[in-house]
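Here's the structure we're looking at; comments come further down.
Atoms within a ligand are numbered from 1 in the order they appear, just like the ligands themselves. Worth knowing before you read on, the calculation uses all heavy atoms, side chains too, and leaves out hydrogens, waters and symmetry mates. In this text the structure is predicted, and so the values were computed from the model without any measurement.
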Amino acid sequence: MKFFLDTANLEELKAGARWGIIDGVTTNPSLIAKEGVAMEDQIRKICAIIDGDISAEVVATDADGMLVEGRKLAKIHKNVVVKVPLTRDGIRACSIFHKEGIRVNVTLCFSAGQAILAAKAGATYVSPFVGRIDDIGGNGMDLIRDIVHIYKNYEFRTQVLAASLRTSTHVIDAAKAGAHVGTLPFKVVDALFNHPLTDKGLDQFLKDYGKVFQEVPAGR
Ligand code: G3P
């Protein structure tokens with residue numbers, strides 16, 4: 001499973017990059033707006049930090065506008081994947097980008113039927129939003145399972161990018177379901193490290209070692 005960071009914050013991206021486990025980045029207009037820097041400038045900075053696929057979303061809602069914006073975004077760096085919403089115009093733009101060799105992440109996917117449309121339009125990624133389905137009383141993970149199953153049936157090459165993952169359990173369940181990618185906010189990746197038995201076990205190892213060799217590493 002590839003891990004993407006779901007953030008446009010440069011400090012979080014630098015911290016994630018240091019762990020050596022981040023394969024890419026997803027952004028959306030809300031995340032870019034939070035950083036207060038124009039889309040193209042911020043995407044350029046992100047590309048300099050993470051060497052992997054970087055999703056950059058169009059804000060136009062008509063296909064022609066999406067094509068203009070997307071072509072510009074794709075020129076920023078070879079790793080840029082143009083993100084379009086799962087609308088009629090988004091799917092039309094995706095089909096055209098696909099023919100032009102521009103990779104696309106189709107976002108705001110909330111049903112298996114929509115995911116089929118994205119695959120047929122040649123999307124590189126489809127982004128089903130797990131947490132937002134849970135928010136309205138549905139089961140977001142069932143959607144991930146359904147899409148993975150359907151794509152396998154037809155050998156669609158579109159990768160399932162599980163988005164709106166909010167907890168460690170979401171990440172584990174998306175991995176069990178066979179999602180190709182999980183996009184995680186920084187705090188969700190960070191939480192994956194935590195286990196009280198890891199802390200307790202490490203303390204005990206160091207105490208035992210220190211009793212015999214009187215060498216307690218600095219800072220403990
Ligand atoms: O990038 C899109 C998605 O991951 C957003 O997540 O938590 O705002 O539903 P959330």
Modelled atom types, side-chain donor and acceptor of Asp134 and Asn139, under 3.5 Å: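 No donor-acceptor contact under 3.5 Å links the two side chains.
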Check [Y] with [X], please: is the shortest side-chain N to carboxylate O separation under 4.0 Å?
| X | Y | result |
| --- | --- | --- |
| Asp190 | Lys187 | no |
| Asp142 | Arg145 | yes |
| Asp53 | Arg103 | yes |
| Arg92 | Asp62 | no |

Enumerate the pairs of nitrogen or oxygen atoms, one from ligand 1 and one from the protein, separated by less than 3.5 angstrom; state names and distance to 0.1 Å.
residue: ligand 1; atom: 1 (O); partner: Asp6; partner atom: OD1; Å: 2.9
residue: ligand 1; atom: 1 (O); partner: Asp6; partner atom: OD2; Å: 3.3
residue: ligand 1; atom: 1 (O); partner: Asn28; partner atom: ND2; Å: 3.2
residue: ligand 1; atom: 4 (O); partner: Asp6; partner atom: OD2; Å: 2.5
residue: ligand 1; atom: 4 (O); partner: Ser164; partner atom: N; Å: 2.9
residue: ligand 1; atom: 7 (O); partner: Arg166; partner atom: NE; Å: 2.8
residue: ligand 1; atom: 8 (O); partner: Arg132; partner atom: NH2; Å: 2.8
residue: ligand 1; atom: 9 (O); partner: Arg132; partner atom: NE; Å: 2.6
residue: ligand 1; atom: 9 (O); partner: Ser164; partner atom: OG; Å: 2.7
residue: ligand 1; atom: 9 (O); partner: Arg166; partner atom: NH2; Å: 3.0

Ring pair (Phe, Tyr, Trp, His ring centres under 6.0 Å) partners of Phe205, counting only residues at least two apart: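 Counting only residues at least two positions away or on another chain, Phe205 forms no ring pair (Phe, Tyr, Trp, His ring centres under 6.0 Å).
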